[in-house]
Amino acid sequence: MLTQQLNTKPHPTIINLKYYPPHNLMKIGVVGKPNVGKSTFFKASTLKDVDIQNFPFTTIKANVGAGYARIKCVCKEVEKQCNPRTGFCTDGYRYIPIELVDVAGLVPGAHEGKGMGNQFLNDLIFCDALIHIVDVSGSTNEKGDSVEMGSHNPVNDIKFLEEEIDLWLIGIIKKNWRKFVRTAHMQKEKGIEALTKQLSNINLKEEDTMEIYERLGFSDNLIEWTDDQIDQFVIEARKKTKPIIIGANKIDKLIGKYGIEKTKEKLKELQSATDSRVVPIFAEGELALRNAQKAGIVDYLYGNSDFKIKEDKISLLSSEQKQALDKIKDIMNVFDSTGVLNILNYAVFDKLDYICVYPAGTKTLCDKKGNVLPDVFLMKRDSTALDFAFKIHTDFGEKFIRAVNVKTKQVIGKDYVLKDKDMIEIIADK
Ligand SMILES: Nc1nc2c(ncn2[C@@H]2O[C@H](COP(=O)(O)OP(=O)(O)OP(=O)(O)O)[C@@H](O)[C@H]2O)c(=O)[nH]1
Ligand SMILES: [Mg+2]
């Protein structure tokens with residue numbers, strides 16, 4: 001609606017998107033019940049031209065595209081302009097691509113086939129985290145139909161969605177449970193080893209399988225596991241492989257009805273009902289703003305806390321358009337941004353605890369083609385120089401000799417623990 005008000009054309013292309021092989025991109029799923037603004041959030045993040053409508057099940061086939069996390073790039077520190085191979089760098093902010101997957105809406109009972117069922121969630125199996133978009137204004141019921149504002153309690157959505165996601169994963173694991181347990185038994189495989197292999201199918205790492213296994217203290221003989229125990233294990237696995245962050249969307253509606261202070265209280269109420277972090281979002285505002293920026297109406301850098309209408313455009317705007325922009329500005333002032341990039345940054349750097357590391361040549365910071373700091377990789381905190389070498393290329397990992405910390409010029413070994421914004425040169429056998 002706001003986009004129409006601002007009368008700008010949506011941009012069908014993604015900015016400077018050249019994919020790495022998918023295994024190198026972090027992947028984040030966008031989930032929630034129908035009609036809450038998942039695709040609006042996706043479109044505001046990726047600028048991909050996807051369908052948005054005010055009724056349930058607009059999205060059926062998953063939308064996939066590149067969103068971004070954003071950091072202050074080291075190129076400013078070293079006083080050079082970088083040339084990113086993927087993503088982009090503007091005003092010293094480096095935008096690091098992340099794969100976003102926007103799926104169809106989930107309804108309570110989806111695991112029993114209600115709504116669109118939950119098979120479509122299989123598109124999320126390799127996601128590192130899930131952003132659960134909630135209509136915080138309470139103007140969509142559990143099926144995603146529009147209802148009177150405030151008549152639906154968004155706290156209920158948080159609970160049901162988590163359950164449906166858990167039940168989906170439980171369904172996947174239980175489907176082959178008996179067969180895999182029998183095979184493991186026949187091959188005299190240890191329970192934990194068999195389980196590790198099985199759960200790697202849902203992206204669970206070996207150390208995480210071990211941690212859950214030790215914490216729950218279930219039998220080493222998987223045949224003895226009860227149904228409940230399998231469920232408990234998978235729920236813990238889901239928390240590790242698919243942590244959920246709540247995007248409290250449509251805050252504009254909430255503010256419109258209750259004002260700012262009451263809105264903040266409502267957000268606190270929502271936060272107290274969940275262990276997941278609740279991030280306020282105005283997806284429609286971000287989408288309108290990015291389109292206005294593309295159309296040359298405003299000076300705005302995606303993710304910033306403010307924007308300016310261009311002097312020469314002010315007189316060309318209708319009062320409706322000015323009002324729409326004022327509304328966005330007011331909300332950005334209160335919450336420091338529209339929250340769209342904010343929630344992705346929170347997912348990557350806080351919840352998943354990743355840091356950014358640049359491969360760099362010691363002398364020039366360039367690759368062979370002369371590009372300055374062309375890549376930046378997201379690495380799990382506490383990763384080592386050897387992990388980084390493997391991340392760049394298996395060959396580098398296998399033939400690792402030593403590395404150099406480009407900032408300090410110190411030679412480092414494979415066990416060096418990486419720090420955020422390190423620039424590292426890997427020296428490997430040819
Ligand atoms: N007021 C307001 N409306 C929004 C916001 N974000 C999305 N909407 C509206 O919510 C409706 C649903 O948006 P979609 O993005 O299609 O929702 P969805 O969750 O993808 O819906 P399904 O694909 O049907 O599951 C549309 O009318 C959007 O314009 C927002 O931040 N504020
Ligand atoms: Mg949609």
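Note that the structure is a prediction, hence the values are computed from the model and not measured. Ligands are counted one by one from 1 in listed order, and the atoms in each one are counted from 1 as well.
- Close approach of ligand 1 to Lys38 is summarised as follows: ligand atoms under 4.0 Å from at least one heavy atom of the residue are 15 (O), 17 (O), 18 (P), 19 (O), 20 (O), 21 (O), 22 (P), 25 (O).
- Only backbone heavy atoms of Pro56 (N, CA, C or O) come within less than 4.0 Å of ligand 1; its side chain stays farther off.
- The two residues Phe42 and Val64 make their nearest non-hydrogen contact at CZ-C, 3.6 Å.
- Residue nearest to atom 13 (O) of ligand 1, selected from Thr40, Val31, Val36: Thr40 (by heavy-atom distance).
- Which parts of ligand 1 touch Ser39 is read off a 4.0 Å heavy-atom cut-off, strictly below it: atoms 15 (O), 18 (P), 20 (O).
- Of all the heavy atoms of Phe282, the ones lying under 4.0 Å from any atom of ligand 1 are found in both the backbone and the side chain.
- Between Ile328 and Ala288, the shortest heavy-atom distance links the atoms CD1-CB, 4.1 Å.
- No cation-pi contact links Lys250 to Phe282, judged by a cut-off of 6.0 Å to the six-membered ring centre and 45° from its axis.
- Only side-chain heavy atoms of Asn249 come within less than 4.0 Å of ligand 1; its backbone N, CA, C and O stay farther off.
- Close approach of ligand 1 to Pro34 (heavy-atom distance below 4.0 Å) involves ligand atoms 25 (O).
- The Mg ion (ligand 2) has Ser39 OG, Thr59 OG1 as its protein N, O or S neighbours under 2.8 Å.
- Taking all atoms of both residues into account, the shortest heavy-atom contact from Leu106 to Phe120 is CD2-CZ, 3.9 Å.
- In this structure, Phe88 has its ring center closer than 6.0 angstrom to the ring center of Tyr68.
- No salt bridge links Lys380 with Asp353; every basic N to acidic carboxylate O contact stays at or beyond 4.0 Å.
- The two atoms that bring Phe335 and Leu267 nearest to each other are CE2-CD1, 3.6 Å, heavy atoms only.
- Under the 6.0 Å distance and 45° angle rule, Arg277 counts as a cation-pi partner of Tyr346.
- Shown here for Cys127 and Val101, the closest heavy-atom pair between the two residues is SG-CG2, 4.3 Å.
- Closest to atom 4 (C) of ligand 1 by heavy atom, among Lys43, Glu286, Lys250, is Lys250.
- Salt-bridge check for Lys27 with Asp128: failed, with every basic side-chain N at 4.0 Å or more from each acidic carboxylate O.
- In this structure, Thr46 OG1 and Leu100 CG are separated by 7.0 Å, a value rounded to the nearest 0.5 Å.
- Under 4.0 Å from ligand 1, the heavy atoms of Lys253 that appear belong solely to its side chain.
- Ligand 1 places these atoms under 4.0 Å from at least one heavy atom of Gly105: 25 (O).
- Residue Phe55 approaches ligand 1 through these ligand atoms, each under 4.0 Å from one of its heavy atoms: 24 (O).
- The closest approach between a heavy atom of Ala283 and any atom of ligand 1 is below 4.0 Å.
- The nearest pair of heavy atoms linking Cys89 to Cys73 is SG-CB, 3.8 Å.
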